[in-house]
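Below: one structure, written as structure tokens.
The sequence lines fix the lettering, A, B, ..., with proteins before strands; numbering per chain opens at 1.
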There are 2 protein chains.
Amino acid sequence: MKKKREGKTTSKIFDDHDHGMCFDDAIEQIENYFLKKNLQFTPLRRKVFEILIRDHKPLGAYEILEALGRDGFSSSPPIAYRVLDFLMEHGFVHKIQGLNAFIACPNPNHSHSPAFVICRKCEKVAEVDEKKSGISFANPSIDNFEVEKTTVEMTGVCTTCSRAATI
Amino acid sequence: MKKKREGKTTSKIFDDHDHGMCFDDAIEQIENYFLKKNLQFTPLRRKVFEILIRDHKPLGAYEILEALGRDGFSSSPPIAYRVLDFLMEHGFVHKIQGLNAFIACPNPNHSHSPAFVICRKCEKVAEVDEKKSGISFANPSIDNFEVEKTTVEMTGVCTTCSRAATI
DNA sequence: ACTGATAGTGTTATGTTATAACATGTTATG
DNA sequence: CATAACATGTTATAACATAACACTATCAGT
């Protein structure tokens, strides 16, 4: 029951989001990936990923733990952190440093140097690619240094929130 | 006793660091800035800045607190966090998200969108400007979003550490 | 000088995020 | 079917951060 994205034209980063596609595609992709790599997509790992992809918003580790508890899993901290580490290693989850929170990556084939746009009011987060972000961070190379991983986060206010505010 | 930088030519980001200049210049700059802005450069604020600029490496809030305690100041957490917030507001301290640590900014006149290079082995950190970093993040502008602040951190291994390792 | 506003520091308590260490269960493989 | 490797569970604690309130100092206006 795979939905296709409806024919929107605007590229409003926080709005043009067809969640049905996201969820189903993402589950399928992660299943395929794990199969191909001979990794176990266990019930716990599946559940954590589902929790994250369901809302597609950043969740703290302890929020994830609560959700796990509600669904009958153990809810002691290491459970969440271990699974999150695992999913992050494989690019299916990213940590949003500015929020101490985790977000699912629906498409791990994306650049492995994601950038995030974070609204500090509604705390919505969008993952953007280099072109959209106006930020270029491909292959950063520094004298005397080998870059392994980049963290790029842009915090501000989305138009929805700024319109809502009197300020 | 202001030292001038010696005539090095390489731009080895982790190595070409004349600390004497850094410290004295930085203290002078922050004093002038506070004077001009009619802000108090109190003993506590001075001490926190000195602690950070002394080693010019990232320190956790609790490391700073220990140092404060040794120097006769109170060492309960809010003390450090308040001063750090204050110094960050004015650009003299930055937080390194990837380390939950704070680093002094010797030159707050730099771009207000700093980027950091972090060695995950020795945990040394260098602040780089856009040109050096190969990363361009000036005026990032996103559809439907007003960027207020950017966080850019590049984690990897510096050549000193990678030479030292057998790996 | 008195009053009140503001800013800075101190203190206690607690909230939040993350990991260490070890026990138990489960799966793949020789 | 033994055993190595992987996965999960549990307890305890470490590390990071803030809330709420008390006290002091400084300074502007009266």
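- Whole-Å rounding puts the A:R46 CZ to D:dA7 C1' distance at 16 Å.
- Judged by distance alone, with hydrogens and angles left aside, the side-chain atoms of B:E31 form no donor-acceptor pair with the main-chain N or O of B:F41 at under 3.5 Å.
- Rounded to an integer number of Å, the gap from A:L84 CG to C:dT17 P is 13 Å.
- Put simply, CG on B:L44 is 12 Å from P on C:dT11, counting in whole angstrom units.
- The interatomic distance linking B:F86 (CZ) with C:dG8 (C1') rounds to 10 Å, in whole Å.
- Nucleotide C:dG30 has D:dC1 as its partner under the Watson-Crick or G-U criteria, with both atom distances under 3.5 Å.
- As rounded to whole Å, 14 Å separates atom C1' of D:dC21 from atom CD1 of B:I79.
- Panel note: side chain B:R45, backbone B:V83; no donor-acceptor pair is recorded below 3.5 Å.
- The side chain of B:S76 contributes no N or O atom lying less than 4.0 Å from OP1 or OP2 of C:dT12.
- Checking D:dT8, C:dT19, C:dG8 against every side-chain atom of A:P77, the shortest atom distance belongs to C:dT19.
- In terms of phosphate contacts, B:N100 brings no side-chain nitrogen or oxygen within less than 4.0 Å of OP1 or OP2 of C:dT17.
- Whole-Å rounding puts the A:L65 CG to D:dT11 P distance at 15 Å.
- Side-chain atoms of A:Q97 never come within 3.5 Å of backbone atoms of A:T151 as a donor-acceptor pair (strictly under, hydrogens ignored).
- Two residues, A:G60 and A:P78, neighbour DNA chain C, and the one matched to the more 5' nucleotide by heavy-atom proximity is A:G60.
- Residue-level contact check: A:R82 touches the bases, meaning some heavy atom is under 4.0 Å from a base atom.
- The distance between atom CZ of A:F41 and atom C1' of C:dT27, rounded to the nearest whole Å, is 18 Å.
- When rounded to the nearest whole Å, the span between CG of B:L87 and P of C:dT9 equals 10 Å.
- Here the side chain of A:R120 pairs no donor or acceptor atom with the backbone of A:V157 at under 3.5 angstrom.
- Between A:Y62 and C:dT16, a side-chain N or O to OP1/OP2 separation shorter than 4.0 Å is absent.
- Of the possible polar contacts, none joining the B:E153 side chain to the B:A115 backbone as a donor-acceptor pair under 3.5 Å is found.
- At least one side-chain nitrogen or oxygen of B:K95 sits closer than 4.0 Å to the OP1 or OP2 atom of D:dA17.
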